[in-house]
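Taking it in order: structure first as structure tokens, then the write-up.
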Amino acid sequence: MLSPVDGDFLDKADPYRRELMAHCYRMLGSVHDAEDLVQETYLRAWRGYDRFEGRSSLRTWLYRIATSACLTALEGRSRRPMPTGLGGSSDPGDELIEQGEIPWLEPIPDRMTDPASVVGSRESLRLALVAALQHLPPRQRAVLVLRDVLQWRAAEVADAVGTSTAAVNSILQRARVRLAQVRPSEDSVTEPTDAEQRALLDRYSAAMERKDVAAIVELCTADVVWEMPPFGNWYLGPEAVGRHLSLHCPGEAGDLRLLPIEANGQPGVAIYLRGPDGDFHAFNLQVFTITAVGISHVGTFLDVALFSKFALPESLPADREPAN
């Protein structure tokens, strides 16, 4: 049974869970690691709650604990990239090279963070930004997120990361310069309305289930990027994407089923592939960047362990109807 102190802590702290999840995810680039660090944050806070004297808000105190936990977790770890962060684009005719030793960036389901309401808005959770943040050393990452996303004062950030206000300002300047160098410009592109995005995704799903490569690439922009960790290969432009789909995408028409998802404040789909038993089994998750002229980025994630984070079934029955 919870003591009155335990119950008081949970009642007051639990409303911040989703935004802390978003914070840890921005820092770590992994939904699995972020989930662990949020749990660690609450455990540390619960253990120290009797010593919390209200000199700051509970929310600020929780963020300090979460930031410290993330910085400790990041010690000695390599960054979580997307394939585009490792080098030039690939020839679709090349063999797919799986690089399972790399800790790849992961998408995060909107249901775990509620991007429309978490501090920093949905833009601060987009794959492109989180991937760019991975290029920053951990302390630069923490300072930039706390100052530019959460809008903390420099003195508050200094207290959270254990340094001086002057050092925070210097770290922030370096972080902004580096972020501008690695962050793609696509985030500034005007997006279509939600209804237009849904219509495009319906067309995409139907084309994918028909394995209509021409129809798929017609929905893409001239500079579309297609990447798919854990494979290091990635493709630039509709022609390269089309060749990849023709050469490497398994199954025939009717062998795929798609379900809509929302991740990182972006639309996406979960793809299921027909197995020998006739049912459709978890295959990959795709997260899209959609502009007014089409799909400009497809992040395809083949780690089927992510399906459970999205509350998705592992398989769909053989009689599952295709998209219209």
Checklist entry - Cut-off 3.5 Å, side chains only: do R64 and T60 have a donor facing an acceptor? => result no
Item to check | D279 side chain to A318 backbone, donor-acceptor under 3.5 Å | outcome: yes
Item to check | E239/R243 salt bridge by N-O under 4.0 Å criterion | outcome: no
Item to check | Step-by-step ring-ring contact (aromatic ring centres under 6.0 Å, His included) determination, H23 to Y63 | outcome: CA-CA 8 Å; H23 179 59; Y63 268 99; 5.1 Å; yes
Checklist entry - What residues, two or more places apart in sequence or in another chain, satisfy side chain to side chain donor-acceptor pair (under 3.5 Å) together with R178? => result Q181
Next on the checklist: As an exercise, state the distance from SG of C249 to NE2 of H244, rounded to the nearest 0.5 Å.
Outcome noted: 6.5 Å
Next on the checklist: Donor-acceptor pair, distance only, cut-off 3.5 Å: does the side chain of W234 make one with the backbone of G87?
Outcome noted: yes
Checklist entry - Looking at side-chain heavy atoms only, is the closest gap between L200 and R203 below 4.5 Å? => result no
Checklist entry - Any donor and acceptor pair, going by atom type alone, linking the side chain of N233 with main-chain N or O of E227 inside 3.5 Å? => result no
Checklist entry - Step by step, would you call Q140 with R174 a side-chain contact (heavy atoms from CB on, under 4.5 Å)? => result CA-CA 8 Å; Q140 284 189 22; R174 294 197 302 273; 3.8 Å; yes
Item to check | OG-CD1 distance between S164 and I171, expressed to the nearest 0.5 angstrom | outcome: 8.0 Å
Next on the checklist: With a 4.5 Å cut-off on side-chain heavy atoms, are V304 and F283 touching?
Outcome noted: no
Checklist entry - Could you walk me through whether L312 and L285 pass the side-chain contact (heavy atoms from CB on, under 4.5 Å) check? => result CA-CA 11 Å; L312 291 165; L285 301 174; 3.8 Å; yes
Next on the checklist: Which Ile, Leu, Val, Met, Phe, Trp or Tyr residues join L86 in one cluster when any pair of side-chain heavy atoms under 4.5 Å counts as a link?
Outcome noted: I102, W104
Checklist entry - How would you list, by chain and number, every residue that makes a side chain to side chain donor-acceptor pair (under 3.5 Å) with S315, sequence neighbours excluded? => result none
Next on the checklist: Can you tell whether the side chains of R77 and D33 come within less than 4.0 Å, N to carboxylate O?
Outcome noted: yes
Item to check | Check ion pair E19-R59 (N to O, under 4.0 angstrom) | outcome: yes
Next on the checklist: Using every non-hydrogen atom in the two residues, find where P238 and T221 come nearest and quote the distance to one decimal.
Outcome noted: CG-O, 3.3 Å
Next on the checklist: I need the R141 CZ to L133 CG distance, nearest 0.5 Å.
Outcome noted: 7.0 Å
Item to check | Main-chain N/O of G254 paired with R257 side-chain donor or acceptor, under 3.5 Å | outcome: yes
Next on the checklist: Would you say that more than 12 heavy atoms from the other residues, nucleotides or ligands in this model lie under 6.0 Å from the CD of E262, or not?
Outcome noted: no
Checklist entry - Salt bridge between D255 and K211, side-chain N to carboxylate O under 4.0 Å? => result no
Item to check | Any donor-acceptor N/O pair, S68 side chain to I65 backbone, under 3.5 Å | outcome: no
Checklist outcome for this item: When rounded to the nearest 0.5 Å, the distance separating CG of L58 from OH of Y16 is 5.5 Å
Checklist entry - Run the ring-ring contact (aromatic ring centres under 6.0 Å, His included) check on Y272 and F307 step by step: do they pass? => result CA-CA 11 Å; Y272 293 78; F307 274 62; 5.4 Å; yes
Checklist entry - Side chains of Q266 and T289: do they bring a donor and an acceptor to under 3.5 Å? => result yes
Item to check | F9/F52 aromatic ring centres below 6.0 Å | outcome: no
Next on the checklist: Tell me whether Q99 at atom CD has more than 12 heavy atoms from other residues, nucleotides or ligands lying less than 6.0 Å away.
Outcome noted: yes
Next on the checklist: With side-chain contact (heavy atoms from CB on, under 4.5 Å) as the test, pick out the partner of M208 among V269, L256, V213.
Outcome noted: L256
Next on the checklist: Whether the side chain of N264 engages the backbone of I108 through a donor-acceptor N/O pair (distance < 3.5 Å, no angle test) should be reported.
Outcome noted: yes
Item to check | Distance-only polar pair, side chains of Q286 and Y204, donor-acceptor under 3.5 Å | outcome: yes
Checklist entry - If you measure from CZ on R183 to CZ on R176, what distance do you get to the nearest 0.5 Å? => result 12.5 Å
Checklist entry - Would a distance-only check, ignoring hydrogens and angles, find a side-chain to backbone donor-acceptor pair under 3.5 Å from Q39 to D36? => result no
Item to check | Minimum heavy-atom distance C24-V38, with the two atoms named | outcome: SG-CG2, 4.0 Å
Checklist entry - Within 45° of the ring axis of F310 and under 6.0 Å from its six-membered ring centre, is that where the NZ or CZ of R111 lies? => result no
Checklist entry - Are the side chains of L129 and E123 in touch, meaning some heavy atoms are under 4.5 Å apart? => result no
Next on the checklist: Is there a side-chain contact (heavy atoms from CB on, under 4.5 Å) between F301 and N284? Walk through the geometry before answering.
Outcome noted: CA-CA 5 Å; F301 300 89; N284 65 55; 5.9 Å; no
Item to check | Residues D202 and R198 bridged, charged N to O under 4.0 Å | outcome: no
Item to check | Side-chain donor/acceptor of T291 to backbone N/O of V293, under 3.5 Å | outcome: yes
Next on the checklist: Keeping Y42 on the side-chain end and L10 on the backbone end, is there a donor-acceptor pair under 3.5 Å?
Outcome noted: no
Checklist entry - Under a 4.5 Å side-chain heavy-atom rule over Ile, Leu, Val, Met, Phe, Trp and Tyr, are L219 and V225 clustered together? => result no
Next on the checklist: I'd like to know if the side chain of D223 and the backbone of L236 have a donor-acceptor N/O pair within less than 3.5 Å.
Outcome noted: no
Checklist entry - Can you list the steps and then say if L201 with I290 is a side-chain contact (heavy atoms from CB on, under 4.5 Å)? => result CA-CA 10 Å; L201 287 178; I290 300 178; 4.1 Å; yes
Next on the checklist: Counting only heavy atoms not in E98 (residues, nucleotides, ligands), do more than 12 fall under 6.0 Å from its CD?
Outcome noted: yes
Checklist entry - For residues E106 and H32, is any side-chain donor paired with an opposing acceptor at under 3.5 Å? => result yes
Next on the checklist: Can you confirm whether the side chains of T193 and E196 place a donor and an acceptor under 3.5 Å from each other?
Outcome noted: yes
Next on the checklist: Would you compute the distance between atom CD1 of I271 and atom CD of E209 and round it to the nearest 0.5 angstrom?
Outcome noted: 9.0 Å
Checklist entry - With a 4.5 Å limit on heavy-atom distance, are the side chains of Y235 and M228 in contact? => result yes
